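It should be emphasised that the depicted structure is a prediction, and the values quoted were computed from it without experimental measurement.
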Amino acid sequence: MLPAGLWRRRIFTASGSRKHENPLGLPSNNTRSLPQIPRRGPISRGLPPKRKIPNVKRVVLVSSCKGGVGKSTIATNLAVSLSLLPQRLRVGILDLDVFGPSIPTLMGLKNVEEPGLTRDGALIPITNHSIPTMSMAYLLPSASHSSSSPSTNPDSEPPTNEDTPVVWRGLMVQKAVQQLLFQTDWSAGVSQGASSGLDILVVDLPPGTGDIPLSVGQLVDVDSTIIITTPDVLSLSDVRRGVSMFRKLEIPLTGLVINNGYFICPNCTERHYLFGGNPNDSENMFTKGVKAMGMDGDRIIGELPLVVDVGRGGEKGIPYALSGRGVGDNDPGKVWLAAMTSVAERIWGEIQFNTN
């Protein structure tokens with residue numbers, strides 16, 4: 001029978017060799033203080049003032065409030081597109097989808113080594129494609145060490161740390177989110193200068209309106225938020241709740257990005273709205289729903305076509321914004337890249353306008 005203290009440490013520690021503490025493996029002498037969220041009271045009372053993330057100038061949230069609409073794929077490609085703007089912005093990605101992290105796969109960082117720590121105990125981001133990243137998946141052991149019944153199929157892929165479930169209650173999740181937000185040293189993950197930090201941090205939020213987006217909205221000084229949706233009424237019903245939450249928290253909303261909005265026929269070059277959600281059709285139920293929540297017109301900042309290579313690039317860990325090419329004006333890939341670049345320009349332009 002193990003002592004109680006050792007038992008807890010073995011369950012929640014990402015790496016026993018570092019003698020980290022739960023839930024993320026950060027040492028107890030960390031000098032970066034965490035803001036505290038009160039457990040009782042109305043949403044707008046008793047909260048600490050919103051604060052900047054250390055070594056980050058601007059924060060952009062990517063939310064969908066519904067799973068399976070391509071939010072993480074767009075967050076990854078948005079970060080790359082922002083970094084490719086003429087301003088040569090230093091951009092990082094923070095994956096706050098604690099229960100279902102996707103950024104490591106999309107950025108080609110599956111099964112990487114556990115992040116290092118700075119002298120004051122802050123996490124050092126892991127970089128690929130010149131984009132520093134941080135994710136809950138980096139801090140978990142692989143499923144082979146946490147599962148009592150590993151797969152015996154020789155043809156199956158080996159388990160990764162993304163296969164390890166995070167089985168935590170709300171307070172543990174809040175603690176993890178605060179540590180990822182405020183105890184990651186983004187200056188240590190920037191190749192252009194050790195002390196320069198990031199111009200923009202793209203934060204990939206999980207679906208829904210639960211603890212994680214609420215914690216971010218209450219604690220972090222956010223500069224821009226984009227909402228991802230597919231062009232159907234079912235997705236929009238969840239988006240409506242998310243938009244309401246961000247407005248209640250007084251978080252700036254830049255606009256709506258419609259993912260997989262249409263399919264461009266390779267033979268006829270015509271746009272086919274597979275979900276029926278043509279935003280140019282005023283009689284469409286999707287269009288009416290967008291208008292009802294005040295996200296129509298110029299608040300639709302991007303409409304991305306369905307492009308097979310976008311998903312394939314994500315599976316390979318190479319964002320399409322980095323590798324995609326177009327061969328003609330009506331080529332779906334070229335249209336997608338132009339639309340994503342336009343979204344990045346809109347976000348950066350709005351941030352600059354609000355700053356000035």
Side-chain angles (χ1 to χ4, degrees), residues 14 24 53 55-56 59-64 67-85 88-116 123-140 142-143 157-164 166 177 180-181 184-192 197-207 226 228 257 259 304 307 309-324 336-337 340-341 343-344 347:
L24 297 185
I53 296 176
N55 299 306
V56 173
V59 174
V60 175
L61 305 183
V62 180
S63 175
S64 66
V69 299
K71 168 186 57 61
S72 295
T73 298
I74 290 180
T76 303
N77 283 279
L78 173 62
V80 173
S81 298
L82 284 166
S83 71
L84 294 176
L85 291 178
R88 306 291 294 175
L89 302 171
R90 297 180 296 270
V91 186
I93 304 175
L94 176 58
D95 184 0
L96 283 188
D97 196 343
V98 171
F99 298 105
S102 301
I103 295 301
T105 297
L106 295 169
M107 289 295 291
L109 292 170
K110 295 179 66 172
N111 262 352
V112 296
E113 293 293 327
E114 187 177 339
L123 292 162
I124 299 176
I126 298 177
T127 300
N128 196 19
H129 308 306
S130 299
I131 303 290
T133 70
M134 181 50 61
S135 172
M136 185 69 212
Y138 301 152
L139 302 160
L140 298 173
S142 65
E157 292 187 1
T160 70
N161 49 9
E162 287 187 309
D163 300 317
T164 305
V166 176
V177 169
L180 287 171
L181 283 169
T184 299
D185 189 349
W186 292 102
S187 67
V190 179
S191 59
Q192 293 93 329
L198 299 177
D199 294 307
I200 295 179
L201 178 64
V202 176
V203 180
D204 183 22
L205 293 176
I226 62 170
I228 315 301
V257 175
N259 192 29
L304 303 173
V307 178
D309 288 339
V310 173
R312 290 176 178 170
E315 292 173 356
K316 296 177 181 178
I318 305 175
Y320 191 72
L322 195 63
S323 63
W336 193 97
L337 290 169
M340 181 56 66
T341 300
V343 171
I347 291 172

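Side-chain N or O atoms of Lys71 include one that pairs as donor or acceptor with a backbone N or O of Leu205 at under 3.5 Å.
Qualifying salt bridge (Lys or Arg N to Asp or Glu O under 4.0 Å) partners for Asp199, counting only residues two or more places apart in sequence or in other chains: Lys57, Arg90. Looking at residues two or more places apart in sequence or on another chain, you find a side chain to side chain contact (heavy atoms under 4.5 Å, CB included) between Ser135 and Asp95, Pro101, Pro104, Ala137, Tyr138. Partners of Ser72 under the side-chain hydrogen bond (donor to acceptor under 3.5 Å, both in side chains) rule, at least two apart in sequence or in another chain, are Asp204. With sequence neighbours excluded, the residues that form a side chain to side chain contact (heavy atoms under 4.5 Å, CB included) with Ala344 are Leu78, Ser81, Leu82, Leu85. In this view, Ser63 satisfies the side-chain hydrogen bond (donor to acceptor under 3.5 Å, both in side chains) rule with no residue, not counting sequence neighbours. Contacts of Asp309 classified as side chain to side chain contact (heavy atoms under 4.5 Å, CB included), with partners at least two apart in sequence or in another chain: Val307, Arg312, Tyr320.
Closest non-hydrogen pair, Ser64 versus Val69, comes out as CB-CG2, 3.4 Å. In terms of heavy-atom proximity, Ser83 sits nearest to Val91 at N-CG2, 3.8 Å. Pro132 approaches Leu198 most closely through the heavy-atom pair CG-CD2, 3.9 Å. Of all heavy-atom pairs between Ile53 and Leu181, the closest is CG2-O, 3.2 Å. In terms of heavy-atom proximity, Pro115 sits nearest to Leu123 at CB-CD2, 4.2 Å. Here the closest non-hydrogen pair linking Leu337 and Ala321 is CD2-CA, 3.7 Å.
In this structure, Met134 CE and Thr127 OG1 are separated by 9.0 Å, a value rounded to the nearest 0.5 Å. Here CG of Asn128 is found 9.0 Å from CD1 of Ile318. Values are rounded to the nearest 0.5 Å. Summarising the geometry, atom CD1 belonging to Ile126 is positioned 14.5 Å from atom CD1 belonging to Ile131; distances are rounded to the nearest 0.5 Å. Between Glu114 atom CD and Ile124 atom CD1 the span is 11.5 Å, to the nearest 0.5 Å. To the nearest 0.5 Å, atom CD of residue Glu113 and atom CG of residue Asn111 are 9.0 Å apart. The structure places CE of Met107 at 13.0 Å from OG of Ser102, a figure rounded to the nearest 0.5 Å.
Within the 4.5 Å cutoff, the side chain of Pro125 has heavy atoms near those of the Thr184 side chain. With a 4.5 Å cut-off on side-chain heavy atoms, Leu94 and Val56 do not count as touching.
Note on residues 75-85: no pairs pass salt bridge (charged side-chain N to carboxylate O under 4.0 Å, His left out), not counting sequence neighbours.
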Test side chain to side chain contact (heavy atoms under 4.5 Å, CB included) applied to Asn259 and Ile228, step by step:
CA-CA 7 Å; Asn259 192 29; Ile228 315 301; 4.1 Å; yes
Do Ile74 and Leu304 pass the side chain to side chain contact (heavy atoms under 4.5 Å, CB included) test, and can you show the C-alpha distance, the side-chain angles, and the key distance before you say yes or no?
CA-CA 10 Å; Ile74 290 180; Leu304 303 173; 3.8 Å; yes
